[in-house]
Amino acid sequence: TLWIVRYNWKGYGLLYLASAVSGSAICYVLVVLGFYYFPYRLFPALFKFPITAIVTFFPFYNLLGVRFSPQKWTYKIPFYWVLVNIGLLAETLAKNHTNLIRYDFEWDFWDSYTLWWIFFLLFEWIGGKIVPPSVRKPIPEDAFRYGNWAFILLHITMIGTIFGIGWYLGDMRSGTIGR
């Protein structure tokens with residue numbers, strides 16, 4: 001976080017704070033409403049959700065997105081697609097292979113996926129308002145052209161997550177997930 005905030009502590013710092021506060025509020029509301037539950041927390045007496053992850057990981061991930069997102073929306077969408085899919089992969093692994101998060105009351109991966117998108121796009125917009133373009137470092141459009149590094153990373157991530165979803169659905173139908 002300090003690596004990014006040092007470029008403009010007011011803009012990135014405000015974005016970090018806004019992301020941490022709103023992420024905490026959203027997570028708190030969803031836990032109180034019973035959509036998901038965190039059985040293991042660092043401060044269980046104080047917080048119903050993993051406050052340390054919410055105020056460190058998510059804001060940093062937003063700062064990373066705002067700092068490096070391409071200028072044109074044509075390229076922002078694939079850029080955030082990679083970030084969202086990596087984030088949801090981490091959440092899926094945490095849900096399926098640890099007891100760190102449990103979905104309850106009608107919550108599922110699609111709801112998380114949608115919330116990830118809303119959160120990132122909202123903070124891309126907010127970041128565009130409070131972080132000056134001079135301190136952002138957008139990935140150049142050429143990087144997304146066929147054969148270049150962003151094109152390759154985008155396709156590896158997307159193909160990998162598509163196969164991962166297929167594997168997950170296959171295991172879920174066969175009954176091996178959750179044993």
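This chain uses plain numbering: 1 for the first residue, then up along the sequence.
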Would a single hydrophobic cluster contain both [Y] and [X], if residues Ile, Leu, Val, Met, Phe, Trp and Tyr are joined by side-chain heavy-atom contacts under 4.5 Å?
X: I156; Y: L88; value: no
X: V82; Y: I152; value: no
X: I118; Y: W81; value: no
X: L154; Y: F151; value: no
X: V21; Y: F49; value: no

Given 3.5 Å as the limit, does a donor-acceptor pair link the side chain of [X] with the main chain of [Y], or not?
X: K76; Y: P70; answer: yes
X: Y37; Y: D104; answer: no
X: S19; Y: L15; answer: no
X: R67; Y: V135; answer: yes
X: R136; Y: S69; answer: no

Over 12 foreign heavy atoms within 6.0 Å of [atom1], [X]:
X: K48; atom1: NZ; answer: no
X: E141; atom1: CD; answer: yes
X: W117; atom1: CH2; answer: yes

[Y] side chain reached by [X] side chain, heavy atoms, under 4.5 Å:
X: F144; Y: T74; value: no
X: D111; Y: D108; value: yes
X: Y12; Y: N62; value: no
X: I139; Y: W149; value: yes
X: P59; Y: F123; value: no
X: Y36; Y: V31; value: yes
X: L115; Y: L30; value: yes
X: I26; Y: F58; value: no

Q) Are Y113 and W110 an aromatic pair by the rule of ring centers under 6.0 Å? A) yes
(Q) I'd like to know whether the aromatic ring centres of W116 and Y80 sit less than 6.0 Å apart in this structure. (A) no
Residue pair [X] / [Y]: nearest heavy atoms and the distance that separates them:
X: C27; Y: I54; value: SG-CD1, 4.1 Å
X: F119; Y: S22; value: CE1-OG, 3.7 Å
X: N85; Y: M158; value: ND2-CE, 3.1 Å
X: E124; Y: G65; value: OE1-O, 4.1 Å

Q: Determine the interplanar angle of the Y61 and F120 rings, folded into 0 to 90°, and report it as parallel if under 30°, tilted if 30 to 60°, perpendicular if over 60°.
A: perpendicular
Q) To the nearest 0.5 Å, what is the distance between CH2 (W125) and CD1 (I130)? A) 10.0 Å
